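This report refers to the structure that appears directly beneath it.
None of these values were measured; they are calculated from a predicted model. Order of the sequence lines fixes the chain letters, A, B, ..., with proteins taken first and strands second; residue numbering starts at 1 for each chain.
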Amino acid sequence: MKNAAIAQVFRDMADLLELKEDNPFKIRAYQRASHTIDDLPVELEQVMDEGRLREIHGIGEAIARKITELLTTGRLEAYEKLRSEFPEGINELLAVQGIGPKTAVRLYNELGISNVDDLEKAIRDGQVAGLYRLGEKTAENILRHIQTLRRKDARVPLGRALPVAEEIISELGSIAGVHNLTPAGSMRRFKETIGDIDIMGTADDPESVIKAFARLPQVEEVLAKGATKASVIVGDGLQVDLRMVEHDSYGSLLQHFTGSKEHNVALRDRAVRQGLSLSEYGITPVRTGKLEKFTSEEAFYGRLGLQYIPPELREGRNEIEAAEKNDLPDLVEVSDIKGDFHVHTEWSDGHDSIEAMANAARDRGYQYLVIADHSAGRGIAHGLSVERLRQQIAEIRALDKRLDDIRLFAGIEIDIRADGTLDYPDEVLQEIDVVVAAVHSAMGQDSEKMTGRIIRALENPGVHILAHPTCRLIGVREPIDVDIEEIFRAAVRTNTALEINAMPDRLDLKDIHVLRARELGVKLTIGTDAHSADSLGLMRFGVGVARRGWCQPEHILNTRSVEELGKFLRQTHREGVRN
DNA sequence: ATGGCTATCCATGTTTACCAGCTGGTAAA
């Protein structure tokens with residue numbers, strides 16, 4: 001049993017215990033254990049074999065025993081007993097935003113509702129709004145959240161799919177005579193969500209690679225298997241297609257299967273006007289009728305008289321016209337990134353110390369790191385009171401002095417309250433190097449209120465960056481209702497940067513926002529929002545969004561050196577206000 | 001249920017906002 005599955009069991013148990021109104025500290029213990037297991041860098045099976053389960057903080061006698069039972073029998077008696085006390089599907093109700101344990105239990109007890117379908121029906125029939133302390137507005141809210149949940153399609157976030165593809169590629173890559181293994185499709189274009197994983201490659205003996213692929217340990221089901229192509233379902237329900245192709249036409253095949261469809265259609269239209277016919281196997285001039293093959297995409301695009309178009313740009317957004325004029329952007333790369341603008345530490349809800357984060361940043365070759373823990377308003381995240389903030393600043397300063405190979409900035413991720421005021425008084429902001437403001441509450445405000453609220457925060461001279469501007473969580477929470485164009489204009493006017501949050505379930509701003517923001521001259525930062533040292537590696541997802549938004553290094557503040565950055569920080573409006 | 005110090009014990013995340021009913025329960029972050 002994998003860690004993720006075990007963590008899920010404890011998460012479910014915590015939910016069920018909450019429905020039972022069991023000891024809240026016990027519930028919290030399960031939640032903590034679940035969270036810890038999710039973030040564990042090693043498999044619990046190995047830890048158990050070494051007899052070291054109890055050494056993990058938050059795992060004591062009882063939970064260690066439960067983990068052992070799960071790992072050895074694949075089942076957990078206590079879990080099954082708990083589940084039998086509630087109807088199947090009650091967890092489904094808890095997954096709907098706006099429904100907590102109290103409401104879930106009441107819906108079941110008073111209306112017999114135990115799944116989302118019944119709930120939707122009951123709301124439409126007006127049964128829910130009639131219950132004590134549940135009115136029209138609440139019912140309407142819940143209905144909206146149900147619709148969000150329904151709209152979430154089968155696509156999975158890139159951040160979950162990419163590691164799966166990379167693991168497979170690394171496993172198959174060790175086979176002799178295998179070359180060019182790469183993800184194609186939307187994954188290669190770094191789209192924020194992925195349908196199926198499509199992997200391509202060439203090999204001296206394609207069939208042996210296909211066979212090895214179908215036998216990989218993570219494969220749960222083989223849907224189809226031929227000499228050059230196979231489709232399988234892997235562990236977490238993802239479909240993976242492997243396609244082994246001819247080396248001679250690898251370039252045009254990769255191009256074809258990378259898409260997007262819109263890009264390829266536009267490319268084909270243009271080629272037709274040049275008297276060329278495109279197929280996945282190559283280019284055929286109508287005049288000669290002879291197929292020309294391409295081993296590389298560069299040669300393929302070159303034959304069409306086009307500059308090489310990076311996959312992230314292949315979305316049918318004028319990239320072909322730009323390539324024609326040799327006018328494609330020189331896209332920002334991960335290697336251009338010199339620092340991270342948004343990380344958490346154990347001072348709020350992060351797992352690692354300031355020093356551990358600093359070391360990880362230095363190991364990535366960064367010049368600087370902005371520590372931006374939560375402000376007091378985010379109580380659940382153990383947000384910093386002004387007093388603790390000052391202690392943390394002192395510690396950051398001391399550490400910064402001690403570490404001579406990385407520059408640490410004292411930052412904060414400060415709450416923007418419902419009225420647009422910030423979580424600390426203005427004079428406290430002056431003590432902080434980098435103020436990152438963000439909305440974390442009252443997300444249901446209408447556009448006028450929300451836009452005004454955020455602009456008020458942007459206009460605060462102490463604020464440098466607006467984090468995750470639309471607050472969306474892919475497949476979980478819709479973006480806030482906000483006039484994003486107004487936000488962009490306010491950001492330019494106030495010289496405030498907007499963040500591209502690199503967390504795979506956020507990617508916020510998203511690609512088309514970045515495209516527009518860049519056009520308007522908005523300064524952009526990429527922040528990983530890392531809650532552990534490992535998560536600094538999420539930077540590549542943020543860079544992917546920036547690339548899809550046609551950003552060059554100069555559009556992204558993270559590419560600036562520490563000297564230039566200091567200049568930006570001093571240059572912002574806060575200086576103007578002091579004068 | 002866990003972990004730490006006072007141990008066969010005791011403390012353990014908090015603030016903000018919304019909504020239903022006119023102060024406080026509930027949920028989200």
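- Projected onto DNA chain B by closest heavy-atom contact, A:K26 and A:T138 fall at different nucleotides, the more 5' of which corresponds to A:K26.
- When the P atom is compared between B:dT26 and B:dG21, the two are found 12 Å apart, to the nearest whole Å.
- The distance from atom CG of A:D419 to atom P of B:dA17 is 7 Å, rounded to the nearest whole Å.
- Looking at heavy atoms from C-beta onward, A:E413 lies in side-chain contact with A:D529 at the 4.5 angstrom threshold.
- Residues A:R489 and A:E485 are in side-chain contact: their nearest non-hydrogen atoms beyond the backbone lie under 4.5 Å apart.
- For CD of A:E50, the number of neighbouring non-hydrogen atoms (other residues, nucleotides, ligands) closer than 6.0 Å is greater than 12.
- As rounded to whole Å, 13 Å separates atom C1' of B:dC18 from atom CD1 of A:I142.
- The distance between atom CG of A:L143 and atom P of B:dC19, rounded to the nearest whole Å, is 15 Å.
- Nucleotides B:dA17 and B:dT23 have their C1' atoms positioned 15 Å apart, rounded to a whole Å.
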Could you go through residues 17-28 of chain A and list every donor-acceptor pair under 3.5 Å that involves a side-chain atom there, pairing it with any protein atom two or more places apart or in another chain?
residue	atom	partner	partner atom	Å
A:K20	NZ	A:E85	OE1	3.3
A:N23	OD1	A:F25	N	2.9

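- Distance noted for atom P between B:dT8 and B:dT14: 27 Å (whole Å).
- A:L44 has its side chain out of reach of A:L70: every pair of non-hydrogen atoms, C-beta onward, lies at least 4.5 Å apart.
- Heavy atoms of other residues, nucleotides or ligands lying less than 6.0 angstrom from CD of A:E110 number more than 12.
- The residue A:A381 sits apart from the nucleic acid: no heavy atom pair falls under 4.0 Å.
- Between the C1' atoms of B:dT12 and B:dT6, the separation comes to 16 Å (whole Å).
- Between A:G58 and A:D415, it is A:G58 whose nearest contact on DNA chain B lies nearer the 5' terminus.
- Considering only side-chain N and O atoms, A:N141 lies nowhere under 4.0 angstrom from the phosphate OP1 or OP2 of B:dC18.
- Contacts of A:R417 with the nucleic acid, taken as non-hydrogen atoms under 4.0 Å apart, involve only primed sugar atoms and P, OP1 or OP2.
- Per the geometry, CD belonging to A:E136 stands 12 Å off C1' belonging to B:dA20, to the nearest Å.
- Atom OH of A:Y30 is separated from atom P of B:dG3 by 13 Å (rounded to the nearest Å).
- When rounded to the nearest whole Å, the span between NE2 of A:H344 and C1' of B:dG13 equals 16 Å.
- The nearest whole Å value for the distance from the NE2 atom in A:H57 to the P atom in B:dT12 is 14 Å.
- A:E77 CD: 12 or fewer foreign heavy atoms inside a 6.0 Å radius.
- Inspection of the A:S532 and A:D534 side chains reveals no N or O donor paired with an N or O acceptor under 3.5 Å.
- Atoms CD (A:E140) and P (B:dC19) sit 10 Å apart, rounded to a whole Å.
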**Item:** B/S/- contact track for nucleotides 21-29 of chain B, protein heavy atom under 4.0 Å
**Value:** S--B-SSSB
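- Side-chain proximity of A:K66 to B:dA1, B:dT16, B:dA20: nearest is B:dA1.
- With both ends at atom C1', the span from B:dA27 to B:dG13 equals 15 Å, rounded to whole Å.
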